[in-house]
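Here's the structure, in structure tokens; my notes come after.
Residue indices begin at 1 and follow the sequence shown.
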Amino acid sequence: GWSHNNKYSLFGAIRVVAMSVSYEVPLVMSLLGVVVMTQTLSLNGIVFWQDGADIWLVALQPLAAIIFFICVSAELNRTPVDIAEAESELGAGYLTEYSGMKWGLFYGMDIAYALAASAFGVTVFLGGWSVFGLEEYVPSWLLFITKLYGFYFLFIWTRGTLPRLRVDQLMSLSWKYLFPLALFNLVIAATERIIWTDALD
């Protein structure tokens, strides 16, 4: 956005940087609650923990799942938090100077990133490829893809139903609400883990 001699591209790039900084913090903190619960950074380990406990982490960490979804939507620049590419204000944000195949590559990258974020959310919060023993009868990859499409449907649903936020509303949502909620969720996760450990002992 800065390399183009275009003020709309520059504004879009500045917004992307501001959004990335403000939403990375609650995003990481929401995932930190999952790490506290499972006591592993391995994605395989998180899935195996959910399979062994016979519960998905979305049931134990619903606030973390909501924060993760909102923050990932902001990272993906998807409506209602696509301030960096707000067509009504900036044309196309930092993509103003792109058209044709160059723009198509950026758009394809956004879709791939949304699918990757969906796969990560399914792995962390929805048990990955395990569905309480159903994977013994149905191929694991089919279960995973079904969950992935369900998670991706949430992105499409929110994009089609919710209105776009303003820049000040977006930053207020992150720093005034999501960041304290992520801290609160981390305390809850630590408390749940202590209770869980005491119950197992």
Side-chain angles (χ1 to χ4, degrees), residues 16-78 80-84 109-132 140 143-159 165 170-197 200:
V16 166
V17 171
M19 286 171 56
S20 296
V21 169
S22 62
Y23 278 91
E24 286 291 339
V25 176
L27 175 65
V28 171
M29 291 184 67
S30 69
L31 294 174
L32 193 58
V34 171
V35 171
V36 168
M37 286 294 298
T38 60
Q39 295 186 332
T40 179
L41 288 171
S42 167
L43 293 178
N44 278 338
I46 291 172
V47 173
F48 290 139
W49 187 91
Q50 293 174 88
D51 190 30
D54 284 330
I55 190 168
W56 289 345
L57 280 170
V58 71
L60 297 174
Q61 294 279 297
L63 186 58
I66 293 168
I67 293 170
F68 173 81
F69 181 77
I70 294 171
C71 292
V72 164
S73 295
E75 289 293 320
L76 293 169
N77 289 324
R78 296 187 70 87
V81 286
D82 62 337
I83 302 303
M109 178 201 64
D110 287 343
I111 293 173
Y113 187 16
L115 288 172
S118 299
F120 192 82
V122 165
T123 302
V124 171
F125 292 106
L126 298 178
W129 58 85
S130 65
V131 188
F132 310 118
S140 299
L143 295 172
F144 185 81
I145 289 176
T146 303
K147 289 181 187 178
L148 187 145
Y149 283 156
F151 202 98
Y152 188 71
F153 174 75
L154 290 177
F155 286 127
I156 297 171
W157 191 13
T158 54
R159 182 174 187 157
L165 300 175
L170 188 66
M171 296 305 161
S172 294
L173 176 67
S174 176
W175 291 113
K176 293 181 181 177
Y177 300 101
L178 293 182
F179 180 66
L181 283 174
L183 276 175
F184 175 72
N185 179 71
L186 196 55
V187 173
I188 295 296
T191 307
E192 283 180 344
R193 184 63 200 177
I194 290 169
I195 293 170
W196 194 289
T197 305
L200 290 176

TODO: Return yes when atom CZ of Phe184 has more than 12 non-hydrogen atoms of other residues, nucleotides or ligands closer than 6.0 Å, and no otherwise.
DONE: no
- [ ] Locate the shortest heavy-atom distance separating Phe132 from Ile55; write the atom from each residue and the value.
- [x] CE2-N, 3.8 Å
- [ ] Answer whether the closest heavy-atom distance between the side chains of Tyr152 and Ile111 falls below 4.5 Å.
- [x] yes
Open item on the list: Does Phe69 form a ring-ring contact (aromatic ring centres under 6.0 Å, His included) with Phe155? I'd like the steps, not just the answer.
Closed with: CA-CA 9 Å; Phe69 181 77; Phe155 286 127; 5.0 Å; yes
TODO: Please tell me if the side chains of Gln39 and Trp49 come closer than 4.5 Å, counting only heavy atoms from C-beta onward.
DONE: no
- [ ] Nearest 0.5 Å please: distance from the CG atom of Leu63 over to the CD1 atom of Ile67.
- [x] 4.0 Å
TODO: Quick one: closest heavy-atom pair of Gln50 and Trp56, and the distance?
DONE: OE1-CA, 3.5 Å
TODO: Mind checking the CG-SG spacing from Leu76 to Cys71? Nearest 0.5 Å is all I need.
DONE: 11.0 Å
Open item on the list: What I'd like to find out is whether the side chain of Met29 reaches to under 4.5 Å of the side chain of Asn185, using heavy atoms alone.
Closed with: no
Open item on the list: Using every non-hydrogen atom in the two residues, find where Met37 and Arg193 come nearest and quote the distance to one decimal.
Closed with: O-NH1, 2.7 Å
- [ ] Applying side-chain contact (heavy atoms from CB on, under 4.5 Å) between Ile46 and each of Leu41, Asp51, Leu57, Leu31, report the one that passes.
- [x] Leu57
Task: Non-hydrogen side-chain atoms of Leu43 and Phe120 separated by less than 4.5 Å - done: yes
Task: Rounded distance [0.5 Å steps], CD in Gln61 versus OG in Ser30 - done: 9.0 Å
Task: Heavy-atom pair of closest approach, residues Thr40 and Gly45 - done: CG2-C, 3.8 Å
TODO: Working to the nearest 0.5 Å, report the span between OG1 of Thr123 and CG of Asn44.
DONE: 9.0 Å
- [ ] Could you tell me whether the side chain of Tyr23 reaches within less than 4.5 Å of the side chain of Leu178, counting heavy atoms only?
- [x] yes
Open item on the list: With rounding to the nearest 0.5 angstrom, report the OG to CD1 distance, Ser140 to Ile145.
Closed with: 11.0 Å
Task: Spacing of CZ belonging to Phe179 relative to OG belonging to Ser22, to within rounding of 0.5 Å - done: 12.0 Å
Open item on the list: A side-chain contact here means heavy atoms from C-beta on lying under 4.5 Å apart; do Leu181 and Pro26 qualify?
Closed with: no
TODO: Would you confirm whether Ser174, through its side chain, and Met171, through its main-chain N or O, come within 3.5 Å as a donor-acceptor pair?
DONE: no
Open item on the list: Checking side-chain contact (heavy atoms from CB on, under 4.5 Å) between Leu143 and each of Leu148, Val122, Val131, which is the one that passes?
Closed with: Val131
Open item on the list: Whether the side chain of Lys147 engages the backbone of Leu126 through a donor-acceptor N/O pair (distance < 3.5 Å, no angle test) should be reported.
Closed with: yes
